[in-house]
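Just below is one structure, and these are the notes that go with it.
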Amino acid sequence: MTEHRPRQLSEQERIRRNNLQKIRQMGIDPYPPHQYPVTHHAAQIRAQFKDEEAEQWQEVSLAGRLMTRRIMGKASFAELQDSTGRIQIYVARDEICPGAQKDLYNLLFKKYLDLGDIIGVKGYVFRTRMGEVTIHVKELKLLSKSLRPLPVVKVDAEGKVHDAFTDLEQRYRMRYVDLIVNPHVRDIFVKRTRIIQSMRRFFDARGWLEVETPVLQPIHGGAAARPFKTHHNALDIPLYLRIANELYLKRLIVGGYEGVYEIGKMFRNEGMDRTHNPEFTSMELYVAWKDYLWMMEMVEQLLETIAREVTGDTRVQIGEQVVDFKAPYRRLPMFEAIQEYASIDISGMGETALRQVAEELGLEVDDSMGKGKLIDEIFSETVEPHLIQPTFITDYPIEMTPLAKKHRSKPGLVERFELFVNRKEIANAYTELNDPIDQRQRFEEQLRLAQRGDEEAMVLDEDFLRALEFGMPPTSGLGIGIDRLTMLLTNQDSIQEVIFFPQMKPERKAGDEEE
RNA sequence: GACUCCGUAGCUCAGCUGGUUAGAGCACCUGACUUUUAAUCAGGGGGUCCUGGGUUCGAAUCCCAGCGGAGUCACCA
């Protein structure tokens, strides 16, 4: 056990705690229990106030955080920030203290309030000489005292930001502070939610059922990745946090639902970088009676709709590029893509020839790599860097894809596509394999790959095979990485910028002892 | 996991060929100011220079180790 030592308070924290005591001595509760009657929000007032309609703005009440203060003797300007943004408030001594007693202004407002304190104000809206829409405060109430100083970010007349709070470690560890002082960060997460809402609306409108499937799974099936392992005490069995939910959603299609989807967290016990977090959000959709050709059209409609609803346009700025999500998207079979960008025809090649091609491209190869893995390496190296505009790469080698149905006309391939945008895969879909005998053989092939040393080979799930043996309708399935889609639509190049609380190493403060 | 870079006040940063008492702007404190807006003016306080060792007469600065972060690569179909 670590012994708890009181933290050394900084000068500014001591001053704030002292102010807290002074406020209590004035008989004011710094953390009052009553609700505060908010009637307006900052952005709404700024957008809707008109000078000629000032009589309609005689009584507004809003609450938020005190972000700047400009005290000029018996009157002051300050800025209040609520969930919608900031608005200036004007606080005059004789307005908030109509009688002889001026403590509320001279002591509470001028001395004991600090930047970051949460207050409620009531008053009327007017426009200052300088043209700023402002609240003339008649009543001011402390709603919550802040004991730590916020980073002070200033924006000058040209809109240039000074002393921005940018340290990534601090921003991610103290996301609450990041959200308070960086409005563009708040906006990213609002967009993230809008993306999910838009997607859900799209699916619900088509009658597909949103479902939940197990996060704790006895067999980590449906994808190839290292899982997090845990233990259930009562059953005394190992359980795994899901790396995918595909096999459960297909069981529901077997059960008779025509369309099911789930938006939820997946967990993969692997490295972390700009595009990987150990837990991430995926959307998986399965629709009966459909194939992957239908699914491509559905995805085009879906992404065009989301882009339009979230950003107002199908064209989105991503880094240096403008990406247009307007349907339709280019469809390019994988082997043709390699032919186009690398001028190599791999269509008839066996494992030995593929290994030679990979080596000639300067790729690292080893004996555990089968045909599928080699083709994927060659594809990643030669084609992916060119895929900026939305592009469906179709018809993957069977070795790479144990859960997809064999191609209707191209031997050795499966009916699968991945959608690439800005060089990154954001969707993956199949005509799902519903032949239980074929499925068992594919799992067995995965077992052989595992024995050969492929750590990512898929695990056989006997109950899933039992479900298929009862019969699954022809079905198409789709997975979309929500985090990566959000990165695209918000023009962020790091997954940590679109996850509120990205995984980080635990903080260890000086003085803490190990164990 | 490998390599490179980074860690100084609440925030953003300077100082780093070793050398008095570690600096700036914002924030903070005291005072002035009833339409300011990066408010202004006068004065002032605030530091475990990430942690622990080492070299040295002397370390924020050099060396080693650790902790934390970032980037690149590897891994991640």
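Quantities reported herein were computed from a predicted structural model and do not represent experimental measurements. Just so we're on the same page: letters track the sequence lines, and every chain starts at 1.
A straight line from CG of A/L9 to C1' of B/rU48 spans 15 Å, rounded to a whole angstrom. In this structure, CD of A/E169 is placed 11 Å from C1' of B/rC6, rounded to the nearest angstrom. Note: CD (A/E270) to P (B/rC75) measures 12 Å, nearest angstrom. At whole-Å resolution of the value, CZ in A/R17 and P in B/rG46 are 20 Å apart. Per the geometry, CG belonging to A/L168 stands 11 Å off P belonging to B/rU12, to the nearest Å. Rounded to an integer number of Å, the gap from CZ of A/R14 to C1' of B/rG46 is 8 Å. In this structure, the CZ atom of A/R274 is 15 Å from the P atom of B/rC75, given to the nearest Å. Here B/rC11 presents its C1' atom at 12 Å from CE of A/M67, a figure rounded to the nearest Å.
Straight-line distance between the C1' atoms of B/rC50 and B/rG31: roughly 38 Å, to the nearest whole Å. Rounded to a whole angstrom, the distance from the C1' atom of B/rG10 to that of B/rG53 is 31 Å. Straight-line distance between the P atoms of B/rU17 and B/rA59: roughly 16 Å, to the nearest whole Å. Comparing the C1' positions of B/rC57 and B/rU20 gives a spacing of 15 Å, expressed to the nearest Å. Only the C1' atoms considered, B/rG23 is 15 Å distant from B/rU61, to the nearest whole Å. Atom C1' of B/rU8 sits at a distance of 14 Å from the matching atom of B/rG46, rounded to the whole Å. As rounded to the nearest Å, B/rA14 and B/rC33 have C1' atoms that lie 34 Å from one another. Comparing B/rC64 with B/rC6, their P atoms are spaced 13 Å from each other, to the whole Å.
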| Could you write nucleotides 27-36 of chain B as a row of B, S and -, 5' to 3', where a protein heavy atom under 4.0 Å of any base atom gives B, of only sugar-phosphate atoms gives S, and otherwise -? | BSS-S-BBBB
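Remark: B/rU21 base-pairs with no nucleotide in the shown strands. Criterion, Watson-Crick or G-U wobble with two distances under 3.5 Å. Both distances falling under 3.5 Å, in either a Watson-Crick or a G-U wobble arrangement, place B/rC26 opposite B/rG10. Shown here, B/rG71 forms a base pair with B/rC3; the pair counts as Watson-Crick or G-U wobble because both key distances fall under 3.5 Å. In a base pair of the Watson-Crick type (N1 to N3 plus N6-O4 or O6-N4) or a G-U wobble (N1-O2 and O6-N3), with each distance short of 3.5 Å, B/rU37 is matched with no nucleotide.
Residue A/D163 places a side-chain atom within donor-acceptor reach of the base of B/rG25, judged by atom type and a 3.5 Å distance cut-off alone.
Among the candidates A/Q441, A/R442, A/R448, the single residue satisfying the side chain to side chain donor-acceptor pair (under 3.5 Å) test with A/E445 is A/R448.
Side-chain atoms of A/T84 never come within 3.5 Å of backbone atoms of A/D82 as a donor-acceptor pair (strictly under, hydrogens ignored). Looking only at distances, no side-chain donor or acceptor of A/T391 sits under 3.5 Å from a matching main-chain atom of A/L387.
Taking the side chain as every heavy atom from C-beta outward, A/F165 and A/R171 approach each other to under 4.5 Å. For the pair A/R175 and A/V185, the minimum side-chain heavy-atom distance is below 4.5 Å. Side-chain atoms of A/Y396 and A/Y430, non-hydrogen and from C-beta on, never get closer than 4.5 Å to each other.
When the nucleotides B/rG69, B/rC75, B/rA70 are ranked by their closest atom to the side chain of A/D273, B/rC75 comes out on top.
A/E399 comes within 4.0 angstrom of no nucleic acid atom, judged by non-hydrogen atoms across all strands.
The side chain to side chain donor-acceptor pair (under 3.5 Å) pairs that include a residue from residues 54-73 of chain A are A/R70-A/Q88, where partners are two or more places apart or lie in different chains.
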| task | Dump the intermediate steps for side chain to side chain donor-acceptor pair (under 3.5 Å) on A/Y248 and A/E246, then the final yes or no. | result | CA-CA 6 Å; A/Y248 283 96; A/E246 170 158 358; over 6 Å; no
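Scanning for side-chain contact (heavy atoms from CB on, under 4.5 Å) contacts around A/V215 gives A/L241, A/R242, A/F267, with sequence neighbours left out. For A/S146, the side-chain contact (heavy atoms from CB on, under 4.5 Å) criterion is met by A/R16, A/D117, not counting sequence neighbours. Residues that satisfy the ring pair (Phe, Tyr, Trp, His ring centres under 6.0 Å) test with A/Y112, not counting sequence neighbours, are absent from this structure.
Along RNA chain B, the nucleotide closest to A/S380 and the one closest to A/F165 are compared, and the more 5′ of them pairs with A/F165. Checking A/D156 against A/T275, the closest nucleotide of RNA chain B that is more toward the 5' end is the one next to A/D156.
Contact check, A/Q170 against B/rG68: no side-chain N or O comes under 4.0 Å of OP1 or OP2.
Across residues 418-425 of chain A, not one residue has a non-hydrogen atom less than 4.0 Å from an atom of RNA chain B.
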